[in-house]
2 protein chains.
Amino acid sequence: MRAAALRLFARHGFAAVSMRQIAAEVGVQAGALYLYTPDKQALLFELMRDHLEELLADWRAPDAAPVAQLEDFVRHHIRFHLDRPELVFIAYMELRNLTPENFAVIEGLRRDYEDRLEAILRAGQQAGDFAVPDTKLATMALIAMLTGVTTWYREGGRLDRAAVAGIYWDMVRKAVAA
Amino acid sequence: MRAAALRLFARHGFAAVSMRQIAAEVGVQAGALYLYTPDKQALLFELMRDHLEELLADWRAPDAAPVAQLEDFVRHHIRFHLDRPELVFIAYMELRNLTPENFAVIEGLRRDYEDRLEAILRAGQQAGDFAVPDTKLATMALIAMLTGVTTWYREGGRLDRAAVAGIYWDMVRKAVAA
DNA sequence: GTCTATACTGGGATAGAC
DNA sequence: GTCTATCCCAGTATAGAC
């Protein structure tokens with residue numbers, strides 16, 4: 001059910017997908033879905049929450065210099081996001097369709113992730129490795145740039161994942177370099 | 001009507017907004033809207049098309065060196081997007097809700113805009129001013145980074161527009177520098 | 001655990017009065 | 001040009017049979 005909801009939400013948007021469609025994709029009638037979820041909102045919220053919790057659980061800053069930490073972050077971010085383009089899409093596009101309480105939870109998780117990148121940038125700034133006039137702005141700019149890879153990358157295209165990650169890392173490294 | 005639709009689509013999403021809501025915002029009954037638009041889809045399409053056409057009409061590359069062209073592009077892009085956060089949001093988020101024919105038109109306009117940035121990067125690469133391993137990737141990365149400013153910038157915040165544009169330009173300049 | 005059937009609400013769009 | 005009224009269809013969610 002979750003896989004079907006994920007696919008349909010990503011393709012058509014949460015508001016445009018009906019419980020009937022999800023049921024058809026699963027191969028049951030709509031009523032049967034309510035054995036597994038209290039409502040459609042919970043389906044969306046749990047997809048987003050689990051996605052962000054996995055993102056946070058999957059990566060910790062290595063015990064290394066800021067530049068090495070940043071490279072690790074960039075390469076992990078790209079790999080993780082390219083592995084889950086549909087979840088990434090939903091987690092960004094469907095924020096408006098969360099109830100206020102659910103939105104607050106998701107925003108908190110997103111903030112936790114941003115804080116990790118900002119901590120790296122601040123450490124590198126203080127160590128003199130980076131020249132970043134504003135670490136918060138740089139955090140937002142870099143995450144937007146990196147996450148954008150999911151909008152254009154296609155498997156089997158001109159560049160493979162390693163090449164893409166290498167080029168992004170090159171741009172990030174130069175952008176924040178002292 | 002267009003202003004009301006813009007506001008509501010940006011806040012709740014195209015699929016979640018009803019013609020009745022738009023009518024209420026305008027101060028008429030739903031039926032009256034059909035004097036001005038054939039249907040809800042046209043309302044969305046025209047908002048997006050006019051937005052992108054204005055983006056294209058509003059900027060031409062100045063007759064200057066690639067670095068100066070790039071700076072002009074970056075500052076214009078940020079100014080234009082910060083002036084229209086709702087249109088920017090819709091033009092990206094609601095692509096899925098366009099009919100295939102309308103989607104093709106919007107995609108063409110978007111491509112035209114990307115091509116302008118890519119032309120600058122290619123010229124700078126050939127002139128030896130830039131070191132960009134892949135101009136298409138760099139184009140997508142830079143546009144994602146710059147457009148992301150609309151997701152966090154708030155008027156009256158810690159940084160004003162000029163400061164924000166300056167910091168973004170600094171990151172862009174360094175990211176593509178030879 | 002899944003189905004059929006349905007309650008209830010609301011959607012887009014149109015007709016015809018004024 | 002706008003309103004009221006309505007058509008027809010689809011939505012979420014639930015009840016009760018099997």
Side-chain angles (χ1 to χ4, degrees), chain A residues 1-51 86-87 89-91 93-106, chain B residues 1-51 86-87 89-91 93-106:
Chain A
M1 178 183 62
R2 309 244 310 205
L6 169 61
R7 206 164 32 240
L8 289 168
F9 289 168
R11 181 129 54 201
H12 307 292
F14 173 77
V17 171
S18 69
M19 293 299 271
R20 290 196 234 278
Q21 278 176 275
I22 298 171
E25 187 91 354
V26 174
V28 299
Q29 291 298 315
L33 295 181
Y34 291 86
L35 274 294
Y36 304 95
T37 183
D39 53 28
K40 193 181 162 193
Q41 167 73 205
L43 212 43
L44 174 64
F45 172 64
E46 285 165 22
L47 281 173
M48 292 173 66
R49 184 198 56 199
D50 292 359
H51 168 62
E86 293 177 326
L87 278 168
F89 200 62
I90 288 174
M93 309 279 274
E94 304 298 353
L95 289 169
R96 290 175 305 185
N97 289 304
L98 292 171
T99 62
E101 306 77 39
N102 288 344
F103 179 79
V105 174
I106 299 299
Chain B
M1 179 183 60
R2 309 246 307 207
L6 169 61
R7 207 165 29 241
L8 289 168
F9 289 167
R11 181 128 55 200
H12 307 291
F14 173 77
V17 172
S18 69
M19 293 298 272
R20 288 173 170 83
Q21 278 177 274
I22 298 171
E25 187 91 355
V26 174
V28 298
Q29 291 299 314
L33 296 180
Y34 290 87
L35 274 294
Y36 303 95
T37 184
D39 53 29
K40 193 180 163 194
Q41 167 72 205
L43 213 42
L44 174 64
F45 172 64
E46 284 164 21
L47 282 172
M48 292 173 68
R49 185 199 56 198
D50 292 359
H51 168 62
E86 293 177 326
L87 278 167
F89 199 61
I90 288 175
M93 308 280 273
E94 304 298 355
L95 289 168
R96 292 174 303 186
N97 289 305
L98 292 171
T99 61
E101 306 76 39
N102 287 344
F103 179 80
V105 173
I106 299 299

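Basis for what follows: all heavy atoms, side chains included, without hydrogens, waters or symmetry-related copies.
When the local axes at the two ends of the helix from C/dG1-D/dC18 to C/dC18-D/dG1 are compared, using 5 base pairs at each end, they differ in direction by 0° after rounding to 10°.
Using a 4.5 Å heavy-atom cutoff, the side chains of A/Phe14 and A/Lys40 are in contact. The closest side-chain heavy-atom distance from B/Arg96 to A/Phe89 is below 4.5 Å. Residues A/Ile22 and A/Leu43 have side chains in contact (heavy-atom distance under 4.5 Å, counting atoms from C-beta outward).
Taking both residues in full, the closest heavy atoms of A/Ala91 and A/His51 are given as CB-CD2, 3.8 Å, listed atom of the first, atom of the second, then distance.
As rounded to whole Å, 18 Å separates atom P of C/dA15 from atom CD of B/Gln29. One interatomic measurement links the two molecules: OH of A/Tyr36 to C1' of C/dC3, which rounds to 13 Å at whole-angstrom precision. Per the geometry, CG belonging to A/Leu33 stands 10 Å off P belonging to C/dT2, to the nearest Å. Straight-line distance from the CD1 atom of B/Ile22 to the C1' atom of C/dG10: 15 Å, rounded to whole Å.
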**Request:** Between protein and nucleotides 11-18 of chain D, map the contacts as a letter string: B base, S sugar-phosphate only, - none, heavy atoms under 4.0 Å, written 5' to 3'.
**Result:** BBBB----
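Residues that satisfy the side chain to side chain donor-acceptor pair (under 3.5 Å) test with B/Asn97, not counting sequence neighbours, are B/Glu94. In terms of the side chain to side chain donor-acceptor pair (under 3.5 Å) criterion, B/Gln29 has no residue partners (sequence neighbours excluded). With sequence neighbours excluded, the residues forming a side chain to side chain donor-acceptor pair (under 3.5 Å) with B/Asp50 are B/Arg2, listed by chain and number.
Applying the salt bridge (charged side-chain N to carboxylate O under 4.0 Å, His left out) rule to pairs touching residues 13-26 of chain B yields B/Arg7-B/Glu25, sequence neighbours excluded.
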